[in-house]
A.B. asks: 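This structure is in structure tokens; I'll ask about it shortly.
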Amino acid sequence: MSRLSGSNDHDGQYAEAGRRGEAVRSDVFVSIEMASSGGLSIEVVSKTGVLYSDSIRDDLQRVADAFGVQHASIRVEDQGALPFVIAARAEAAFRRLGFRGDGRPPQRSDPRAPSPRDRLRRSRLYLPGNEPKFMVNAGLHRPDAVILDLEDSVHPAEKDAARLIVRNALRSLDFGTSERMVRINQHELGLQDLAEIVSESPDLVLIPKTETADDVRRVDARIREIQKSEALDREVWLMPILESALGIENAFAIASSSDHIVALTIGLEDYTADLGVRKTFEGDESLYARLRLVNAAAAAGVQAIDSVFGDVGDMDGLR
């Protein structure tokens with residue numbers, strides 16, 4: 001795919017993407033300064049440079065070629081990033097310069113059977129969408145599902161870069177037997193997420209802060225539109241998350257709004273904030289909402305799934 005305008009239009013422009021620093025692992029920082037001549041200069045700073053600098057340069061050259069970039073200075077500060085991360089960070093930087101293209105890795109992980117509608121979804125491991133270090137070995141923990149999160153765990157300024165990391169992770173990583181879920185953002189930002197991830201066939205999309213049946217239908221329609229345009233026939237399930245008083249009151253309408261919904265869940269942190277009450281261990285303040293959700297899910301014939309356990313300091317779940 002090509003970019004929007006010629007190289008001279010970008011001469012001297014600068015952009016960056018990724019993370020750097022001693023505490024960073026499995027990630028890379030990419031900075032790009034455009035030029036009008038001189039070819040492509042790629043500088044790699046890496047502790048493993050003797051072994052991998054040539055392959056890193058090859059990855060960056062491929063992404064630059066995908067965007068039609070011939071003249072630029074690219075600096076890479078590598079902290080053990082895999083190729084899918086390098087490609088995503090370079091693509092994010094090029095896009096921030098105004099280029100349009102597709103720099104995803106050419107390799108795709110082995111295809112697996114679609115996720116069954118009624119499979120178990122007891123344990124779900126949330127992984128921040130902009131933190132590849134958590135994704136690489138997530139399948140070793142063997143949760144029922146891994147959730148690549150593009151919403152609350154990602155800073156607004158990094159949404160564009162995170163969706164490319166998630167897209168490439170879906171394409172490149174083996175999550176074992178875990179169901180591959182993605183939590184998108186709300187409204188228009190969520191539709192932008194879908195434009196990147198649907199082509200990599202996640203098993204399930206979580207729809208945050210769902211309040212009406214139309215919220216679901218909008219996401220559902222966009223997924224089917226993308227699948228039709230790319231001739232994809234793999235099933236992508238939906239799980240609305242109810243996180244407000246209005247969402248709870250509309251629970252059955254939401255649960256029955258699409259044949260692609262397999263489960264209904266609740267987000268208690270935002271729900272109690274919406275009510276203006278304190279979330280407690282006993283949960284009396286959310287009992288009505290949870291019972292309402294269970295009843296709506298049963299009536300609609302979908303799974304009812306409880307909220308995450310929010311006290312990360314209580315490893316035993318006793319307080």
Side-chain angles (χ1 to χ4, degrees), residues 3 7 10-107 109 127-138 148-150 153-173 196-197 200:
R3 49 195 168 77
S7 297
H10 295 275
D11 187 19
Q13 293 186 9
Y14 173 88
E16 58 191 37
R19 304 182 66 215
R20 59 182 168 183
E22 290 300 318
V24 174
R25 293 186 292 110
S26 303
D27 209 338
V28 66
F29 181 83
V30 177
S31 60
I32 301 173
E33 184 174 357
M34 297 300 300
S36 58
S37 62
L40 201 64
S41 170
I42 301 176
E43 178 187 3
V44 177
V45 178
S46 174
K47 293 180 180 179
T48 59
V50 174
L51 296 174
Y52 297 110
S53 59
D54 287 344
S55 64
I56 292 173
R57 287 190 181 92
D58 289 343
D59 291 334
L60 292 166
Q61 181 70 61
R62 183 190 61 78
V63 176
D65 289 345
F67 285 88
V69 174
Q70 298 178 345
H71 307 290
S73 294
I74 303 177
R75 177 180 168 85
V76 177
E77 300 175 39
D78 174 54
Q79 295 290 344
L82 292 176
F84 84 91
V85 180
I86 297 169
R89 296 310 195 189
E91 181 172 347
F94 279 124
R95 289 193 180 193
R96 288 171 177 178
L97 283 164
F99 290 89
R100 296 292 179 267
D102 189 337
R104 73 187 72 194
Q107 76 275 12
S109 61
L127 306 171
N130 208 37
E131 285 280 11
K133 67 181 180 183
F134 295 126
M135 303 176 187
V136 176
N137 295 315
L148 304 176
D149 183 36
L150 293 171
S153 67
V154 178
H155 189 279
E158 292 298 319
K159 300 286 189 183
D160 61 332
R163 69 170 62 102
L164 299 179
I165 289 286
V166 168
R167 182 202 67 190
N168 286 5
L170 289 170
R171 184 176 184 84
S172 303
L173 294 182
E196 296 294 345
I197 67 170
E200 300 303 336

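For the numbers below, each heavy atom of this structure counts, side chains included, while hydrogens, waters and symmetry mates do not.
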A.B. asks: Under a 4.0 Å threshold between the charged nitrogen and the carboxylate oxygen, would Glu200 count as salt-bridged to Arg171?
C.D. replies: yes

A.B. asks: Taking the side chain as C-beta and beyond, is there a heavy-atom pair between Phe94 and Ile74 under 4.5 Å?
C.D. replies: yes

A.B. asks: Could Asp54 and Arg57 be called an ion pair, given the rule that one side-chain N must be under 4.0 Å from one carboxylate O?
C.D. replies: yes

A.B. asks: Could you work out, with salt bridge (Lys or Arg N to Asp or Glu O under 4.0 Å) as the rule, every residue matching Glu131, not counting sequence neighbours?
C.D. replies: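 Result, salt bridge (Lys or Arg N to Asp or Glu O under 4.0 Å) vs Glu131: Arg19.
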
A.B. asks: Do you know which two heavy atoms are closest between Phe67 and Gly103, and how far apart they sit?
C.D. replies: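 In this case the closest contact between Phe67 and Gly103 is CE1-N, 4.1 Å.
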
A.B. asks: Could you check Asn168, Leu148, Leu170 and say which one makes a side chain to side chain contact (heavy atoms under 4.5 Å, CB included) with Met135?
C.D. replies: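 So, applying the side chain to side chain contact (heavy atoms under 4.5 Å, CB included) to Met135 and each of Asn168, Leu148, Leu170, only Leu148 qualifies.
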
A.B. asks: Would you give the length of the straight line joining atom CG of Leu60 to atom CD1 of Ile32, rounded to the nearest 0.5 angstrom?
C.D. replies: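 The CD1 atom of Ile32 is 8.0 Å from CG of Leu60, to the nearest 0.5 Å.
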
A.B. asks: Can you name the closest pair of heavy atoms from Val30 and Ala93 and give their distance?
C.D. replies: O-CB, 4.4 Å

A.B. asks: Pick one: which of Val136, Asp27, Val28, Asp59 meets side chain to side chain contact (heavy atoms under 4.5 Å, CB included) with Leu82?
C.D. replies: Val136

A.B. asks: Please list, chain by chain and in numerical order, all residues satisfying side-chain hydrogen bond (donor to acceptor under 3.5 Å, both in side chains) with Lys159, sequence neighbours excluded.
C.D. replies: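 By the side-chain hydrogen bond (donor to acceptor under 3.5 Å, both in side chains) rule, Lys159 matches Asn185.
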
A.B. asks: Do His155 and Asn130 have side chains that get closer than 4.5 Å, going by heavy atoms?
C.D. replies: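 Of all side-chain heavy-atom pairs linking Asn130 with His155, none is under 4.5 Å.
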
A.B. asks: Search all heavy atoms of Pro132 against all heavy atoms of Val85 and return the closest pair with its distance.
C.D. replies: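 Closest approach of Pro132 to Val85: CB-CG2, 3.6 Å.
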
A.B. asks: Answer whether the closest heavy-atom distance between the side chains of His71 and Ser36 falls below 4.5 Å.
C.D. replies: no

A.B. asks: Identify whether the distance between the nearest side-chain nitrogen and carboxylate oxygen of Arg163 and Glu91 falls below 4.0 Å.
C.D. replies: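 No, no charged N to carboxylate O under 4.0 Å.
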
A.B. asks: Is a salt bridge present between Asp78 and Arg89, judged by a nitrogen-to-oxygen distance below 4.0 Å?
C.D. replies: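 No.
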
A.B. asks: Say you draw a straight line from OH of Tyr52 to CD1 of Ile86; how long is it, rounded to the nearest 0.5 Å?
C.D. replies: 11.0 Å

A.B. asks: Of the non-hydrogen atoms in Ala157 and Arg96, which two are nearest, and what is the gap between them?
C.D. replies: O-NH2, 3.5 Å

A.B. asks: Quick one: pull up CG in Asp160 and CG in Leu150 and give me the separation to the nearest 0.5 Å.
C.D. replies: 11.0 Å

A.B. asks: Does some side-chain heavy atom of Asp102 sit less than 4.5 Å from a side-chain heavy atom of Arg167?
C.D. replies: yes

A.B. asks: Output the distance between atom CD (Gln70) and atom CG (Asp65), rounded to the nearest 0.5 Å.
C.D. replies: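 If we round to the nearest 0.5 Å, Gln70:CD and Asp65:CG are 8.5 Å apart.
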
A.B. asks: Looking at every non-hydrogen atom in both residues, tell me the closest pair between Gly18 and Phe29 and how far apart they are.
C.D. replies: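 Closest approach of Gly18 to Phe29, heavy atoms only: O-CD1, 3.8 Å.
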
A.B. asks: Taking all atoms of both residues into account, what is the closest heavy-atom pair of Arg62 and Ala87, and its distance?
C.D. replies: NH2-CB, 3.6 Å

A.B. asks: Walk me through whether Leu164 and Arg95 qualify under side chain to side chain contact (heavy atoms under 4.5 Å, CB included).
C.D. replies: CA-CA 11 Å; Leu164 299 179; Arg95 289 193 180 193; 4.0 Å; yes

A.B. asks: Determine whether Pro105 and Pro83 make a side-chain contact, defined as any pair of heavy atoms from C-beta on separated by less than 4.5 Å.
C.D. replies: no

A.B. asks: Among residues at least two apart in sequence or on other chains, which ones pass side chain to side chain contact (heavy atoms under 4.5 Å, CB included) with Glu33?
C.D. replies: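 Counting only residues at least two positions away or on another chain, Glu33 forms a side chain to side chain contact (heavy atoms under 4.5 Å, CB included) with Tyr14.
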
